[in-house]
S.K.: 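First the structure, which I've put down as C-alpha cells, then a few questions once you've had a look.
Just so you know, these numbers come straight off a predicted model, no measurement behind them.
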Amino acid sequence: MDAGNIDIGTGLIWFVAFLFSTTVHEAMHALVAWRLGDSTAYNGGQVSLNPAAHVQREPIGMVVLLLLTSLTQGWAIGWASCPYDPYWARRYPGRAALMAAAGSAGNLLIALAAFGVLRIGLVAGWFVAPDSVNFDSIAELAGHPGPAFVTTLLSVLLVMNVFLCAFNLLPLPPLDGAAVLNGFLPERHAVKLMDLQSNAMMSMVGLVIAWRVFPFVTHPLFSALLRLVHPLDSYGPN
C-alpha cells in the first residue's frame with residue numbers, strides 16, 4: 001500500500017476496525033479464561049465488547065499509537081493485553097493454551113464474517129473485483145469504482161484479522177502462540193517453558209524475531225485471500 005495516498009476517512013476505518021478487532025480478541029481471552037476457572041479478567045470487566053474496558057488497560061497501544069499509524073501509515077499497529085492468573089496457567093497449561101488460542105479464534109471469526117459478506121456481495125453483483133488491489137481495497141461497489149466505506153471496511157476487517165490471527169499464533173513469547181504451544185507439551189515441560197517465556201529478555205527477543213519474520217508471511221497470506229475472494233480473477237504482485 002502507498003502510505004502517501006492514505007486519507008483521513010480510510011485511516012479512521014483502519015482505526016475503528018483495529019479497535020473492534022482487538023476488543024474482540026481480548027474479550028475472547030477473558031471469556032475463555034473465566035469459563036475455564038480464571039476470573040482475573042472477568043473481575044476486571046474485560047469479558048466485554050465495550051472497547052473502554054480494554055482501552056483503560058492499554059491506552060497507548062489501543063488509542064495513541066493506533067491513531068498515529070492509522071492516520072499516517074495506511075495500516076494500523078497497536079497492542080492490548082488481558083490479565084490472567086499465572087499460577088492458574090502453571091497449574092493448567094492446557095486450559096491456558098485454550099485461553100491463548102481464543103483471541104486468535106475471535107479474529108478468525110471476524111475474518112470469516114467479512115469474507116462471507118464479500119463473497120455474497122460479489123456473487124449477487126453488489127461488489128466487483130477492482131482493477132488493482134491493496135489491503136483496504138479488495139472489492140469495489142458495482143457501478144461506483146474507487147473506494148467506498150462498505151468495501152473498504154470489509155477489506156480491512158478481512159485482511160487485518162487474518163494478519164492478527166497469524167501474527168499472534170507465532171510460537172514466540174510473548175505472543176499467544178507460545179502459550180498455545182505449551183498446551184501440546186507434557187505438563188512438566190510446559191511449566192519449564194513457561195518459566196523461560198516469562199523472562200523479559202526472552203519476550204523482547206521474541207517480538208524482534210516475530211517483527212522480522214512476519215513480513216515474509218504477509219504476501220503469501222494476502223495472495224491466498226485474493227484467490228479465495230476472487231477465484232476467477234488473478235492479480236500480479238502488488
Side-chain angles (χ1 to χ4, degrees), residues 14-67 69-70 76-113 157 160-185 190-191 193-200 202-207 210-211 214:
W14 277 93
F15 173 78
V16 171
F18 193 99
L19 187 66
F20 170 69
S21 302
T22 307
T23 295
V24 171
H25 182 103
E26 300 305 328
M28 287 290 288
H29 281 319
L31 174 63
V32 171
W34 174 48
R35 296 299 297 268
L36 294 179
D38 177 13
S39 60
T40 305
Y42 174 81
N43 292 335
Q46 291 190 298
V47 182
S48 172
L49 293 179
N50 181 354
H54 308 279
V55 169
Q56 185 176 9
R57 181 173 171 83
E58 297 286 2
I60 302 298
M62 290 193 70
V63 176
V64 178
L65 182 61
L66 179 54
L67 267 177
T69 55
S70 296
I77 292 179
W79 69 83
S81 63
C82 180
Y84 69 95
D85 182 354
Y87 297 103
W88 168 82
R90 287 172 62 87
R91 185 175 181 183
Y92 304 108
R95 298 184 189 183
L98 290 174
M99 181 267 289
S104 290
N107 294 129
L108 185 58
L109 288 174
I110 296 172
L112 288 172
L157 285 173
M160 175 187 292
N161 280 281
V162 168
F163 284 2
L164 284 173
C165 178
F167 181 77
N168 279 287
L169 287 180
L170 291 175
L172 296 164
L175 301 177
D176 296 334
V180 173
L181 176 63
N182 295 338
F184 293 94
L185 300 175
V191 170
L193 191 56
M194 284 181 189
D195 291 336
L196 183 63
Q197 293 167 349
S198 64
N199 182 280
M202 287 298 297
S203 293
M204 184 177 298
V205 171
L207 282 176
W211 192 249
F214 195 67

S.K.: Going from CG on Asn50 to OG1 on Thr23, what distance comes out if it is rounded to the nearest 0.5 angstrom?
M.R.: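 So the CG of Asn50 and the OG1 of Thr23 are separated by 8.0 Å.
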S.K.: Would you say the side chain of Leu207 lies within less than 4.5 Å of the side chain of Pro174, judging by non-hydrogen atoms?
M.R.: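 Result yes, sub-4.5 Å side-chain heavy-atom pair found.
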S.K.: May I have the step-by-step check of side-chain contact (heavy atoms from CB on, under 4.5 Å) for Met62 and Thr22, ending in yes or no?
M.R.: CA-CA 8 Å; Met62 290 193 70; Thr22 307; 4.1 Å; yes
S.K.: Rounded to the nearest 0.5 Å, what separation is found between the CG atom of Asp176 and the CG atom of Leu170?
M.R.: 10.5 Å
S.K.: Quick check: closest heavy atoms across Phe163 and Phe214, and the distance to 0.1 Å?
M.R.: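 Smallest interatomic distance, heavy atoms only, reads O-CZ, 3.4 Å.
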S.K.: What's the separation between atom NE2 in His29 and atom OG1 in Thr40, rounded to the nearest 0.5 Å?
M.R.: 14.0 Å
S.K.: Output, in order, the C-alpha distance, side-chain angles, deciding distance and verdict of side-chain contact (heavy atoms from CB on, under 4.5 Å) for Leu49 and Val24.
M.R.: CA-CA 6 Å; Leu49 293 179; Val24 171; 4.0 Å; yes
S.K.: Return the minimal non-hydrogen interatomic distance between Ala210 and Leu175, and the atom names on each side.
M.R.: CB-CD1, 3.8 Å
S.K.: Taking all heavy atoms of Ile110 and all of Phe20, pick out the closest pair and write down the distance.
M.R.: CD1-CE2, 3.7 Å
S.K.: Please report the closest heavy-atom contact between Ala179 and Ala97, naming both atoms and the distance.
M.R.: O-CB, 3.5 Å
S.K.: Mind checking whether Trp88 and Tyr92 have parallel, tilted or perpendicular rings, split at 30° and 60°?
M.R.: tilted
S.K.: Hey, is CZ on Phe167 packed in by over 12 heavy atoms from elsewhere, all under 6.0 Å?
M.R.: yes
S.K.: I'd like to know if the side chain of Asn168 pairs up with that of Ser104 as donor and acceptor (distance under 3.5 Å, no hydrogens or angles considered).
M.R.: no
S.K.: Counting N and O atoms only, with roles assigned by atom type, does the side chain of His25 sit under 3.5 Å from a partner on the main chain of Asn161, one being a donor and the other an acceptor?
M.R.: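 No; zero donor-acceptor contacts below 3.5 Å.
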S.K.: Might you point out which heavy atoms bring Gln46 and Ser81 nearest each other, and give the distance in Å?
M.R.: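 For Gln46 versus Ser81, the nearest heavy atoms are NE2-O, 3.5 Å.
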S.K.: Nearest 0.5 Å, please: how far is CG in Leu66 from CD in Glu58?
M.R.: 12.5 Å
S.K.: To the nearest 0.5 Å, how far apart are CG in Asn107 and CG in Leu164?
M.R.: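 Rounded to the nearest 0.5 Å, the CG-CG separation comes to 5.0 Å.
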S.K.: Does Trp14 form a side-chain contact (heavy atoms from CB on, under 4.5 Å) with Met160? I'd like the steps, not just the answer.
M.R.: CA-CA 9 Å; Trp14 277 93; Met160 175 187 292; 3.4 Å; yes
S.K.: Can you tell me how far CG of Leu112 sits from CG of Leu157, rounded to the nearest 0.5 angstrom?
M.R.: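 The distance works out to 12.5 Å.
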S.K.: Taking atom CZ of Arg57 as the centre, report whether more than 12 heavy atoms of other residues, nucleotides or ligands fall under 6.0 Å from it.
M.R.: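 Above 12, so yes.
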S.K.: Which heavy-atom pair separates His54 from Ala27 by the least distance, and what is that distance?
M.R.: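 Taking every non-hydrogen atom into account, CE1-N, 3.8 Å.
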